[in-house]
Each structure stands twice: as structure tokens, then as C-alpha cells.
Amino acid sequence: MESKRQQKFAGVIQEDLAAIFQREGMNYLPNTMVTITKVRVTPDLAIARVFLSFFNNTNTTLALQTIKLHASEIRYKLGGRIKDQVRIIPQLEFFIDDTSEYVDRMEKIFDKIHREEKQPDTE
């Protein structure tokens, strides 16, 4: 369970990272929109786990690797934005947020079940 402090800090990081990706995301991934879906921070506020969602991109694994290659640059830009609010700039760990894929898969399963229920027995 995250403390209020962790939640507030995660919110600040999410907001500022979103602004960074909105302004400079095209430099890292052309023609791809990057969305920060969730940020989780460790209790000591030293590590921020950032969950990303990519739109208009077919290879999310490659996109994530590209973001990870630029992690230090992104952390530097984040530090420039939040330096007056925090003592240390957290290390950034990036992950793919596959929640939307999971939801799509579950919807297809439910649709299939619903269609099977509607079909009358042909005995």
C-alpha cells in the first residue's frame, strides 16, 4: 500500500513526464504517441516505475527499448522540472502497460461466450 507521500510524488512525476513526452516524444519515437498510464514510487522515493502505453506503434518492445536507451536523458529533463520540489531525482524504470491489451482479450472472450449463449441448440 502506497503512502500519501508516495502517491503525491508519483503524481508529480507522471504529470511532468507526460509533459516531457508530449513536447519531446517525437525525438525518441517518431509518429508514436507515448502515454504514461501509471507511476509507482518506492517508499524511499529513489526509484520510479513508469508504465507506458504506445499508440500508433506496432512494435512495443522496440519502442520500450528505445525509451530505456534514453532513460538518463529523460531523467535529466525530469530533474530540471522537479528540482525545487524534491531532494533526489528518482531512477526511472520503464515498463509496458498491457492493460488495454488485456481488456481487449477479455472483451473478445465475453463476446464469444455471449454469442454461444444466443445460438439455439441444434439437436
Side-chain angles (χ1 to χ4, degrees):
M1 182 105 164
E2 289 187 41
S3 68
K4 292 281 187 193
R5 183 174 178 218
Q6 285 173 280
Q7 291 173 355
K8 184 177 178 184
F9 189 56
V12 168
I13 291 172
Q14 183 173 0
E15 198 173 298
D16 287 326
L17 280 177
I20 290 168
F21 278 111
Q22 185 176 13
R23 286 198 179 117
E24 301 171 27
M26 290 295 172
N27 296 340
Y28 310 124
L29 297 167
N31 301 322
T32 300
M33 188 172 104
V34 180
T35 305
I36 289 88
T37 57
K38 185 176 17 177
V39 176
R40 296 280 185 239
V41 182
T42 57
D44 63 354
L45 307 180
I47 299 172
R49 293 182 177 94
V50 182
F51 294 87
L52 304 173
S53 180
F54 301 100
F55 296 100
N56 200 20
N57 189 319
T58 55
N59 192 346
T60 56
T61 307
L62 180 63
L64 182 65
Q65 288 175 348
T66 304
I67 294 297
K68 284 182 178 181
L69 285 174
H70 295 283
S72 61
E73 181 183 343
I74 295 167
R75 181 176 182 244
Y76 178 77
K77 290 177 182 179
L78 176 67
R81 296 176 71 95
I82 66 171
K83 67 178 186 259
D84 297 331
Q85 302 170 28
V86 297
R87 282 186 281 154
I88 61 166
I89 308 304
Q91 290 293 327
L92 301 175
E93 295 179 354
F94 295 101
F95 301 94
I96 295 175
D97 184 11
D98 58 354
T99 305
S100 61
E101 294 170 12
Y102 177 76
V103 168
D104 288 341
R105 219 172 334 130
M106 294 305 289
E107 284 181 356
K108 287 178 184 175
I109 291 170
F110 288 133
D111 285 344
K112 183 179 177 183
I113 292 171
H114 186 68
R115 274 185 267 130
E116 288 174 359
E117 288 177 354
K118 280 188 170 182
Q119 292 178 354
D121 291 334
T122 56
E123 291 182 15

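A quick note: this is a predicted structure, and the numbers were derived from the prediction, not measured.
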Asker: Do Phe54 and Ile67 have side-chain heavy atoms sitting under 4.5 Å apart?
Answerer: yes
Asker: Donor-acceptor check, side chain of Gln6 to backbone of Val41, threshold 3.5 angstrom: yes or no?
Answerer: yes
Asker: Shortest non-hydrogen contact from Thr35 to Met33?
Answerer: OG1-CE, 3.8 Å
Asker: Heavy atoms only: give me the nearest Arg49-Thr42 pair and the separation to one decimal.
Answerer: NH1-CG2, 3.4 Å
Asker: Look at the rings of Phe21 and Tyr28 and say which category their plane angle falls in: under 30° parallel, 30 to 60° tilted, over 60° perpendicular.
Answerer: perpendicular
Asker: Would a single hydrophobic cluster contain both Ile113 and Met106, if residues Ile, Leu, Val, Met, Phe, Trp and Tyr are joined by side-chain heavy-atom contacts under 4.5 Å?
Answerer: yes
Asker: More than 12 foreign heavy atoms under 6.0 Å from CD of Glu93: is that the case here?
Answerer: yes
Asker: Starting at CZ of Arg81, measure out to CG of Asp16 and round the result to the nearest 0.5 Å.
Answerer: 4.5 Å
Asker: Identify the residue among Lys8, Arg40, Gln7 that makes a side chain to side chain donor-acceptor pair (under 3.5 Å) with Glu2.
Answerer: Arg40
Asker: Report yes if the side chains of Gln65 and Thr61 come closer than 4.5 Å at any heavy-atom pair, otherwise no.
Answerer: yes
Asker: What is the minimum heavy-atom distance between Ile20 and Lys77, and which atoms define it?
Answerer: CD1-C, 3.8 Å
Asker: Would Lys68 pass as a cation-pi partner of Phe94, given that its NZ or CZ must be under 6.0 Å from the six-membered ring centre and within 45 degrees of the axis?
Answerer: no
Asker: With rounding to the nearest 0.5 Å, note down the distance linking CD1 in Ile82 to CD1 in Ile13.
Answerer: 5.0 Å
Asker: So do Val86 and Phe9 actually touch side chain to side chain, heavy atoms under 4.5 Å?
Answerer: yes
Asker: Roughly how far apart are Leu29 CG and Leu64 CG, rounded to 0.5 Å?
Answerer: 9.5 Å
Asker: For side chain to side chain contact (heavy atoms under 4.5 Å, CB included), just list the numbers for Ile36 and Leu52, CA-CA rounded to whole Å, side-chain angles, deciding distance to a tenth of an Å, and then say yes or no.
Answerer: CA-CA 5 Å; Ile36 289 88; Leu52 304 173; 3.8 Å; yes
Asker: For Leu45 and Pro90, work out which heavy atoms get closest and say how close.
Answerer: O-CB, 3.6 Å
Asker: Provide the closest heavy-atom pair for Val39 versus Ala48 in the form atom of the first, atom of the second, distance.
Answerer: CG1-CB, 4.3 Å
Asker: Locate the shortest heavy-atom distance separating Leu92 from Val50; write the atom from each residue and the value.
Answerer: CD2-CG2, 4.3 Å
Asker: Just how far is it from atom CG of Asp97 to atom NZ of Lys38, taken to the nearest 0.5 Å?
Answerer: 5.5 Å
Asker: Begin from the C-alpha positions of Tyr76 and Leu78 and carry the test side chain to side chain contact (heavy atoms under 4.5 Å, CB included) through to its verdict.
Answerer: CA-CA 5 Å; Tyr76 178 77; Leu78 176 67; over 6 Å; no
